[in-house]
Trainee: 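Structure in C-alpha coordinates, see below.
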Amino acid sequence: MTETAPIMALDLPMLDPLPPETQKYFDICQDKLGMIPNVLQAYAFDIEKLNTFTAMYNDLMLGDSGLSKLEREMIAVVVSSANRCWYCQVAHGAAVRELSGDPKLGEAMVMNYRVAKITGKQRAMLDFAFKLTETPDRIDDPDRAALREVGFSDREIFDIASVAAFFNMTNRVAAATEMQPNDAYHGAHR
(Lines give C-alpha, C1' and ligand atoms only; values in the text may rest on other atoms or scores of the structure.)
Protein backbone atom coordinates (compact mmCIF):
# COMPACT_ATOMS: atom_id res chain seq x y z
CA MET A 1 0.00 0.00 0.00
CA THR A 2 1.48 3.35 -1.02
CA GLU A 3 0.83 6.21 1.34
CA THR A 4 0.43 9.67 -0.11
CA ALA A 5 -0.66 11.74 2.89
CA PRO A 6 2.01 13.76 4.67
CA ILE A 7 3.67 11.86 7.50
CA MET A 8 3.86 14.97 9.68
CA ALA A 9 2.83 18.61 9.77
CA LEU A 10 6.37 19.97 9.42
CA ASP A 11 7.99 20.45 6.03
CA LEU A 12 11.22 18.53 6.69
CA PRO A 13 11.80 16.25 3.71
CA MET A 14 14.08 13.25 3.91
CA LEU A 15 17.58 13.71 2.59
CA ASP A 16 17.76 12.69 -1.03
CA PRO A 17 19.70 10.67 -1.66
CA LEU A 18 19.96 9.01 1.71
CA PRO A 19 23.43 8.01 2.89
CA PRO A 20 24.16 4.39 1.89
CA GLU A 21 23.97 3.11 5.51
CA THR A 22 20.58 4.76 6.00
CA GLN A 23 19.28 3.44 2.70
CA LYS A 24 20.42 -0.06 3.69
CA TYR A 25 18.58 0.29 7.04
CA PHE A 26 15.42 1.47 5.28
CA ASP A 27 15.70 -1.44 2.82
CA ILE A 28 15.90 -3.87 5.76
CA CYS A 29 12.78 -2.27 7.27
CA GLN A 30 10.97 -2.61 3.95
CA ASP A 31 11.97 -6.27 3.68
CA LYS A 32 11.17 -7.22 7.28
CA LEU A 33 8.14 -5.01 7.95
CA GLY A 34 6.79 -4.40 4.47
CA MET A 35 7.12 -0.66 5.08
CA ILE A 36 9.44 2.01 6.38
CA PRO A 37 7.92 3.31 9.62
CA ASN A 38 6.91 6.93 9.28
CA VAL A 39 8.80 7.84 12.44
CA LEU A 40 12.04 6.86 10.70
CA GLN A 41 11.11 8.83 7.60
CA ALA A 42 10.24 11.83 9.79
CA TYR A 43 13.70 11.83 11.37
CA ALA A 44 15.48 11.28 8.04
CA PHE A 45 15.82 15.02 7.36
CA ASP A 46 18.79 14.87 9.78
CA ILE A 47 20.72 11.61 9.71
CA GLU A 48 22.45 12.31 13.03
CA LYS A 49 19.06 12.70 14.74
CA LEU A 50 17.77 9.57 13.01
CA ASN A 51 20.81 7.58 14.11
CA THR A 52 20.49 8.84 17.69
CA PHE A 53 16.78 7.96 17.76
CA THR A 54 17.31 4.47 16.31
CA ALA A 55 20.27 3.72 18.59
CA MET A 56 18.23 4.57 21.69
CA TYR A 57 15.15 2.72 20.41
CA ASN A 58 17.15 -0.38 19.49
CA ASP A 59 18.94 -0.42 22.84
CA LEU A 60 15.76 -0.01 24.91
CA MET A 61 13.38 -2.14 22.87
CA LEU A 62 15.67 -4.82 21.41
CA GLY A 63 18.70 -4.89 23.71
CA ASP A 64 19.42 -7.25 26.58
CA SER A 65 16.88 -6.92 29.39
CA GLY A 66 15.00 -9.04 31.87
CA LEU A 67 11.89 -7.54 30.29
CA SER A 68 10.49 -9.38 27.31
CA LYS A 69 9.97 -7.59 24.01
CA LEU A 70 6.22 -7.89 24.61
CA GLU A 71 6.50 -6.28 28.04
CA ARG A 72 8.49 -3.38 26.60
CA GLU A 73 5.86 -2.90 23.89
CA MET A 74 3.15 -3.01 26.56
CA ILE A 75 4.93 -0.18 28.39
CA ALA A 76 5.17 1.78 25.12
CA VAL A 77 1.43 1.46 24.54
CA VAL A 78 0.37 2.29 28.10
CA VAL A 79 2.58 5.39 28.18
CA SER A 80 1.32 6.39 24.74
CA SER A 81 -2.26 5.83 25.81
CA ALA A 82 -1.79 8.04 28.86
CA ASN A 83 -0.32 10.70 26.57
CA ARG A 84 -2.94 10.09 23.86
CA CYS A 85 -0.19 9.72 21.28
CA TRP A 86 -1.95 8.65 18.09
CA TYR A 87 1.19 7.46 16.31
CA CYS A 88 2.51 5.27 19.11
CA GLN A 89 -0.85 3.86 20.18
CA VAL A 90 -1.39 2.62 16.64
CA ALA A 91 2.17 1.43 15.90
CA HIS A 92 2.93 -0.18 19.25
CA GLY A 93 -0.60 -1.49 19.67
CA ALA A 94 0.08 -3.46 16.46
CA ALA A 95 3.34 -4.73 17.99
CA VAL A 96 1.51 -5.93 21.12
CA ARG A 97 -1.02 -7.74 18.91
CA GLU A 98 1.81 -9.34 16.92
CA LEU A 99 3.98 -10.39 19.87
CA SER A 100 1.10 -11.66 22.01
CA GLY A 101 -0.96 -13.20 19.21
CA ASP A 102 -3.93 -11.61 20.99
CA PRO A 103 -5.77 -8.73 19.29
CA LYS A 104 -7.75 -8.10 22.48
CA LEU A 105 -4.56 -7.47 24.46
CA GLY A 106 -3.42 -4.85 21.97
CA GLU A 107 -6.78 -3.09 22.22
CA ALA A 108 -6.80 -3.25 26.03
CA MET A 109 -3.33 -1.74 26.21
CA VAL A 110 -4.50 1.20 24.10
CA MET A 111 -7.88 1.72 25.76
CA ASN A 112 -7.48 0.64 29.39
CA TYR A 113 -4.68 -1.69 30.41
CA ARG A 114 -6.40 -2.30 33.75
CA VAL A 115 -9.00 -4.55 32.04
CA ALA A 116 -6.38 -6.65 30.24
CA LYS A 117 -5.81 -10.28 31.14
CA ILE A 118 -2.19 -9.94 32.24
CA THR A 119 -0.11 -11.22 35.13
CA GLY A 120 0.10 -9.40 38.45
CA LYS A 121 3.76 -8.73 37.71
CA GLN A 122 2.87 -7.10 34.38
CA ARG A 123 0.15 -5.07 36.05
CA ALA A 124 2.63 -3.74 38.62
CA MET A 125 5.04 -2.84 35.80
CA LEU A 126 2.35 -0.98 33.88
CA ASP A 127 1.04 0.77 37.00
CA PHE A 128 4.58 2.06 37.59
CA ALA A 129 4.99 3.19 33.97
CA PHE A 130 1.60 4.91 34.03
CA LYS A 131 2.37 6.71 37.30
CA LEU A 132 5.79 7.74 35.98
CA THR A 133 4.02 9.23 32.96
CA GLU A 134 1.19 10.99 34.78
CA THR A 135 2.84 12.05 38.04
CA PRO A 136 6.61 11.50 37.90
CA ASP A 137 7.16 13.67 40.96
CA ARG A 138 5.20 11.14 43.04
CA ILE A 139 7.41 8.12 42.31
CA ASP A 140 8.99 7.09 45.58
CA ASP A 141 10.45 4.13 47.49
CA PRO A 142 7.12 2.29 47.92
CA ASP A 143 6.66 2.30 44.12
CA ARG A 144 10.05 0.68 43.59
CA ALA A 145 9.41 -1.69 46.50
CA ALA A 146 6.14 -2.82 44.87
CA LEU A 147 8.07 -3.79 41.75
CA ARG A 148 10.67 -5.66 43.77
CA GLU A 149 7.91 -7.51 45.66
CA VAL A 150 6.58 -8.98 42.41
CA GLY A 151 10.05 -10.05 41.29
CA PHE A 152 11.60 -7.21 39.33
CA SER A 153 15.31 -6.63 39.84
CA ASP A 154 16.73 -3.16 40.19
CA ARG A 155 18.10 -3.45 36.63
CA GLU A 156 14.60 -4.31 35.37
CA ILE A 157 13.15 -1.34 37.28
CA PHE A 158 15.71 0.84 35.51
CA ASP A 159 14.63 -0.67 32.18
CA ILE A 160 10.93 -0.08 32.92
CA ALA A 161 11.71 3.56 33.75
CA SER A 162 13.90 3.98 30.66
CA VAL A 163 11.31 2.58 28.25
CA ALA A 164 8.59 4.73 29.82
CA ALA A 165 10.79 7.82 29.67
CA PHE A 166 11.74 7.21 26.02
CA PHE A 167 8.11 6.95 24.98
CA ASN A 168 7.17 10.04 26.95
CA MET A 169 9.77 11.88 24.87
CA THR A 170 8.78 10.37 21.53
CA ASN A 171 5.08 10.91 22.24
CA ARG A 172 5.74 14.61 22.63
CA VAL A 173 7.71 14.80 19.37
CA ALA A 174 4.94 12.90 17.57
CA ALA A 175 2.30 15.23 19.02
CA ALA A 176 4.26 18.40 18.22
CA THR A 177 4.81 17.32 14.61
CA GLU A 178 1.40 15.66 14.13
CA MET A 179 3.19 12.49 13.06
CA GLN A 180 0.90 9.98 11.35
CA PRO A 181 1.19 6.21 11.74
CA ASN A 182 1.66 4.09 8.65
CA ASP A 183 -1.67 2.86 7.30
CA ALA A 184 -0.42 -0.73 7.47
CA TYR A 185 -0.38 -0.67 11.28
CA HIS A 186 -4.15 -0.28 11.54
CA GLY A 187 -5.05 -3.71 10.23
CA ALA A 188 -1.93 -5.56 11.28
CA HIS A 189 -2.16 -8.73 13.41
CA ARG A 190 -5.90 -8.63 14.01
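We use all heavy atoms of the structure for the numbers below, so side chains are in, but hydrogens, waters and symmetry mates are not.
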Trainee: Restricting to salt bridge (charged side-chain N to carboxylate O under 4.0 Å, His left out), what partner residues turn up for Asp154, sequence neighbours left out?
Mentor: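 Here the qualifying residues are Arg148.
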
Trainee: Does Asp64, at its CG atom, have more than 12 non-hydrogen atoms belonging to other residues, nucleotides or ligands within less than 6.0 Å?
Mentor: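 No.
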
Trainee: How would you list, by chain and number, every residue that makes a side-chain contact (heavy atoms from CB on, under 4.5 Å) with Ala108, sequence neighbours excluded?
Mentor: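 Listed in chain order: Val115, Ala116.
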
Trainee: Anything under 3.5 Å between a donor and an acceptor, one on a side chain of residues 28-36, the other on a protein residue two or more places apart or in another chain? List them.
Mentor:
unit_1 : atom_1 : unit_2 : atom_2 : d
Gln30  : NE2    : Gly34  : O      : 3.0

Trainee: Once side-chain contact (heavy atoms from CB on, under 4.5 Å) is applied, do any residues pair with Val90, and if so which ones, sequence neighbours excluded?
Mentor: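 By the side-chain contact (heavy atoms from CB on, under 4.5 Å) rule, Val90 matches Trp86, Pro181, Tyr185, His186.
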
Trainee: Using the test ring pair (Phe, Tyr, Trp, His ring centres under 6.0 Å), find all partners of Tyr87 that sit at least two apart in sequence or belong to another chain.
Mentor: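 In terms of ring pair (Phe, Tyr, Trp, His ring centres under 6.0 Å), with neighbours along the sequence ignored, Tyr87 is linked to no residue.
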
Trainee: Applying ring pair (Phe, Tyr, Trp, His ring centres under 6.0 Å) as the test, list every pair that has at least one member in residues 101-157; sequence neighbours left out.
Mentor: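 Residue pairs with at least one partner in residues 101-157: Tyr113-Phe130.
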
Trainee: Within the side chain of Asp59, is there an N or O that forms a donor-acceptor pair under 3.5 Å with the backbone of Ala55?
Mentor: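 Between the backbone of Ala55 and the side chain of Asp59 there is no qualifying donor-acceptor contact (under 3.5 Å).
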
Trainee: Identify, with sequence neighbours excluded, every residue that meets side-chain contact (heavy atoms from CB on, under 4.5 Å) alongside Thr22.
Mentor: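 Applying side-chain contact (heavy atoms from CB on, under 4.5 Å) to Thr22 gives Leu18, Pro19, Phe26, Ile47, Leu50.
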
Trainee: For Gln23, enumerate each residue passing the side-chain hydrogen bond (donor to acceptor under 3.5 Å, both in side chains) test, keeping only those at least two apart in sequence or located in another chain.
Mentor: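 So Gln23 forms a side-chain hydrogen bond (donor to acceptor under 3.5 Å, both in side chains) with Asp27.
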
Trainee: Report yes if the side chains of Ile118 and Met109 come closer than 4.5 Å at any heavy-atom pair, otherwise no.
Mentor: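 Of all side-chain heavy-atom pairs linking Met109 with Ile118, at least one is under 4.5 Å.
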
Trainee: Does atom CE of Met169 have more than 12 heavy-atom neighbours from other groups under 6.0 Å away?
Mentor: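 Yes.
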
Trainee: Determine which pairs satisfy ring pair (Phe, Tyr, Trp, His ring centres under 6.0 Å) with at least one residue from residues 47-84, sequence neighbours left out, and list them in order.
Mentor: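 Every pair satisfying ring pair (Phe, Tyr, Trp, His ring centres under 6.0 Å) with a residue in residues 47-84: Tyr43-Phe53, Phe53-Phe166.
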
Trainee: Under 3.5 Å, side-chain donor or acceptor atoms of residues 133-144 against the rest of the protein: list the pairs with distances, not counting sequence neighbours.
Mentor:
unit_1 : atom_1 : unit_2 : atom_2 : d
Thr133 : OG1    : Ala129 : O      : 2.9
Thr133 : OG1    : Asn168 : ND2    : 3.1
Thr135 : OG1    : Lys131 : O      : 3.4
Asp141 : OD1    : Arg144 : NH2    : 2.7
Asp143 : OD1    : Lys131 : NZ     : 3.1
Asp143 : OD2    : Lys131 : NZ     : 3.0
Asp143 : OD2    : Asp140 : N      : 2.9

Trainee: Nearest 0.5 angstrom please: Leu70 CG to Gln122 CD, how far?
Mentor: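 These two atoms lie 6.5 Å from each other.
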
Trainee: With sequence neighbours excluded, tell me which residues meet salt bridge (charged side-chain N to carboxylate O under 4.0 Å, His left out) with Glu73.
Mentor: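 With sequence neighbours excluded, Glu73 shows a salt bridge (charged side-chain N to carboxylate O under 4.0 Å, His left out) to Lys69, given in chain and number order.
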
Trainee: Listed by chain and number, what are the salt bridge (charged side-chain N to carboxylate O under 4.0 Å, His left out) partners of Arg123, not counting sequence neighbours?
Mentor: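 Testing Arg123 for salt bridge (charged side-chain N to carboxylate O under 4.0 Å, His left out), a comparison that skips the adjacent residues, returns Asp127.
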
